[in-house]
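Letters A, B, ... are given to chains in the order of the sequence lines, protein chains preceding strands, and every chain is numbered from 1.
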There are 2 protein chains.
Amino acid sequence: MLVDERRSRILKMTEEQGFIALQTLVTALGASESTVRRDLESLDAAGLIQRTRGGASFPGDARADFDARRSLASVEKQRIAQRTAQLIHDGETVLLDGGTTTLEVARNLTGRSLQVVTNSLPIAQLLMNQPEIELIFIGGFVYPKTGVALGQLAVESLQRVHATRLIMGTGGITDDGLFNSNSLLVETERQMIASSDRFTLVADSSKFGQRALSHLCELREVDELVTDSGIDCHWKQMLHAADVSIEMVETAATEQPLAGQ
Amino acid sequence: MLVDERRSRILKMTEEQGFIALQTLVTALGASESTVRRDLESLDAAGLIQRTRGGASFPGDARADFDARRSLASVEKQRIAQRTAQLIHDGETVLLDGGTTTLEVARNLTGRSLQVVTNSLPIAQLLMNQPEIELIFIGGFVYPKTGVALGQLAVESLQRVHATRLIMGTGGITDDGLFNSNSLLVETERQMIASSDRFTLVADSSKFGQRALSHLCELREVDELVTDSGIDCHWKQMLHAADVSIEMVETAATEQPLAGQ
DNA sequence: TTGGTTTTGATTCAAAATGACTGAAATCAG
DNA sequence: CTGATTTCAGTCATTTTGAATCAAAACCAA
């Protein structure tokens with residue numbers, strides 16, 4: 001059997017069943033375990049499936065979203081979130097996109113006096129009972145995996161609001177700009193950028209060089225980036241050229257040797 | 001069974017039932033006690049559940065009063081909610097207003113194949129990961145105590161949707177019609193009525209004769225009422241005159257003497 | 001054919017997950 | 001209050017899974 005045929009069959013089976021065990025694939029395809037592993041590795045790198053222990057899942061499946069939810073925010077993410085929260089002034093109107101990093105930012109906004117606009121159910125849930133925060137939710141079709149509202153209704157709602165600052169994460173950053181995995185999401189995020197004065201991007205260093213399905217925007221649309229110090233020199237130059245101001249937090253790697261803290 | 005699937009199932013069961021015993025999970029999942037403990041530990045660390053002695057329950061502030069309110073949901077409310085859920089056909093587009101009774105209705109819709117439109121964060125949270133339910137959230141200013149979206153943005157969003165059925169609670173019912181305590185809420189609810197084909201009101205018998213701050217609508221705008229048998233004869237006549245069809249569930253009072261159940 | 005590359009499958013070792021067991025702590029019954 | 005029971009955290013051996021390595025097979029071009 002040819003490589004491409006085998007891989008497309010894996011893809012098809014994963015899409016149909018949402019989740020598939022490695023051993024099942026070995027039997028179904030008649031290939032060795034090593035080969036199937038390599039196929040999964042390749043498909044995962046291409047972003048077409050999501051590898052999990054013991055098999056693979058389809059990115060759109062409900063059972064798969066679990067990984068994303070489970071993943072504890074890394075130390076970098078938390079640091080980035082803290083710094084980002086510090087950049088926000090009391091009284092601002094902040095537009096918060098969905099995502100794990102922005103959720104961390106929201107955690108750091110509790111007790112602050114702000115107006116928050118968001119399309120993320122988890123963030124709304126978190127901030128809904130904060131007495132000092134006036135919360136406006138952007139409605140729309142709720143994407144099951146992440147709990148963010150998308151689509152036409154979301155875009156139209158966003159057209160009616162205006163924020164002084166947008167906090168957004170991203171799937172990947174390359175020379176060509178920002179990327180995200182979902183085209184519906186990208187459409188909504190474009191309107192977010194249009195509805196805000198200042199665009200603050202939050203992205204840990206692992207996002208650089210990553211490319212995802214849909215192109216979101218050019219790099220120069222970003223006003224400000226909060227990232228960790230693991231970022232490569234090449235990207236610093238590129239960001240500088242695109243007129244993006246950089247806020248950098250120490251990575252765990254550079255700080256751990258310093259103290260017991 | 002694989003790790004993610006197991007944890008995902010734990011999460012689902014906890015979400016649906018509010019609280020779940022460790023032993024129940026051991027039996028349901030066919031895993032060892034140690035494994036389930038580790039799963040609970042991991043999920044707790046991620047903030048997705050809250051461990052308690054003997055099992056796990058929902059995390060978060062909002063969830064907590066959620067559960068508290070749920071436990072307060074009287075037997076009547078639960079019966080009314082069950083019956084209301086039975087009235088809804090698969091494939092319908094249901095508009096669900098906020099409130100404790102409608103939240104109970106939402107609990108009874110899990111696993112159904114429906115399109116649900118709501119402006120209530122607790123309901124959205126509950127239904128967001130139901131694979132068979134397509135969820136549309138109506139955005140707006142989020143009212144802190146109850147987590148419902150209100151105001152101009154909500155009204156405009158509602159103008160853009162259309163539902164075959166509206167499920168709504170109320171603060172009080174008198175000869176003059178329906179009432180609610182919040183005028184922003186009433187404004188939004190009026191648009192809900194306008195955007196739906198059929199108006200199903202859910203209200204236990206204690207609501208009759210109660211009058212609240214803001215007048216919502218006339219009685220004859222209601223198509224269908226689900227209530228308990230504690231309702232007075234006077235009101236039955238009035239509802240009949242207003243052309244409201246009545247679905248009645250047995251109250252605890254009339255049923256308790258029957259059996260040990 | 002020959003020499004080189006790519007793909008595949010088997011093997012090996014490390015990491016992770018699991019289940020059974022232990023003693024400690026919390027809870028309950030009397 | 002005391003003893004019994006339940007629940008829990010930690011340890012350890014076993015099993016499963018995954019990454020790396022290496023040799024064989026298939027493929028390709030000359």
Side-chain angles (χ1 to χ4, degrees), chain A residues 1-14 17-59 61 63-76 100 206 209-210 252-253 256, chain B residues 1-14 17-59 64 67-68 71:
Chain A
M1 184 184 311
L2 290 149
V3 188
D4 288 345
E5 186 190 342
R6 204 179 48 235
R7 294 194 181 171
S8 70
R9 278 180 64 183
I10 292 177
L11 206 52
K12 194 182 160 199
M13 289 172 79
T14 314
Q17 306 185 29
F19 177 87
I20 200 141
L22 186 124
Q23 286 308 324
T24 312
L25 288 169
V26 170
T27 325
L29 302 168
S32 77
E33 198 179 296
S34 299
T35 304
V36 176
R37 276 188 205 289
R38 275 185 282 253
D39 285 340
L40 293 185
E41 194 178 358
S42 156
L43 289 167
D44 180 58
L48 298 169
I49 62 166
Q50 220 169 340
R51 282 191 79 177
T52 63
R53 198 180 171 79
S57 58
F58 185 63
D61 190 71
R63 273 170 293 186
D65 72 347
F66 183 69
D67 259 351
R69 286 198 284 167
R70 173 185 60 172
S71 71
L72 278 168
S74 63
V75 183
E76 283 86 5
T100 52
S206 71
Q210 296 281 325
Q256 263 174 0
Chain B
M1 181 180 320
L2 290 125
V3 191
D4 286 354
E5 188 187 344
R6 201 181 49 236
R7 295 193 180 170
S8 174
R9 281 179 62 183
I10 292 176
L11 207 53
K12 194 181 163 198
M13 288 171 81
T14 314
Q17 306 185 28
F19 172 86
I20 198 141
L22 187 128
Q23 285 308 324
T24 313
L25 288 169
V26 169
T27 325
L29 302 168
S32 76
E33 197 180 297
S34 299
T35 302
V36 176
R37 274 186 205 290
R38 274 185 281 252
D39 285 341
L40 294 184
E41 194 178 355
S42 157
L43 289 167
D44 181 56
L48 298 168
I49 62 166
Q50 201 165 359
R51 288 192 72 179
T52 61
R53 198 175 176 79
S57 66
F58 259 130
D67 277 337
S71 62

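- For B:Glu33, the side chain to side chain contact (heavy atoms under 4.5 Å, CB included) partners two or more places apart in sequence, or in a different chain, are B:Leu22, B:Gln23, B:Val26, B:Arg37.
- For the pair A:Leu25 CG and C:dG9 P, the computed distance is 14 Å after rounding to whole Å.
- Taking the C1' atoms of five terminal pairs at each end of the helix from C:dT1-D:dA30 to C:dG30-D:dC1, the two resulting helix axes are inclined by 40°, rounded to 10°.
- Counting distance only, with no hydrogens placed and no angle test, the side-chain atoms of B:Arg38 and the base atoms of C:dG19 include a donor-acceptor pair under 3.5 Å.
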Checklist entry - Where along nucleotides 21-30 of chain C does protein come under 4.0 Å, by heavy atom, of base (B) or sugar-phosphate alone (S), with - for untouched nucleotides? => result B----BS---
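- Between B:Phe19 and B:Ala56, the shortest heavy-atom distance links the atoms CD1-O, 3.2 Å.
- With sequence neighbours excluded, the residues satisfying side chain to side chain contact (heavy atoms under 4.5 Å, CB included) with B:Thr24 are B:Ile20, B:Ala21.
- Boundaries of the chain B contact region on DNA chain D are D:dT6 to D:dA9, first to last in 5' to 3' order (nucleotide atom under 4.0 Å from a heavy atom).
- Contact check, A:Ser32 against C:dA10: no side-chain N or O comes under 4.0 Å of OP1 or OP2.
- Across the protein-nucleic acid pair, A:Leu40 atom CG and C:dT8 atom P stand 13 Å apart, rounded to whole Å.
- Taking all atoms of both residues into account, the shortest heavy-atom contact from A:Ile49 to A:Asp44 is O-OD1, 3.2 Å.
- Residue pairs meeting the salt bridge (Lys or Arg N to Asp or Glu O under 4.0 Å) criterion with at least one member in residues 45-56 of chain B: none, sequence neighbours excluded.
- Contact detail for B:Met13 and B:Ala28: the closest heavy-atom pair is CE-CB, 3.9 Å.
- Separating the CD atom of B:Glu41 from the P atom of C:dT18 is a distance of 13 Å, rounded to the nearest angstrom.
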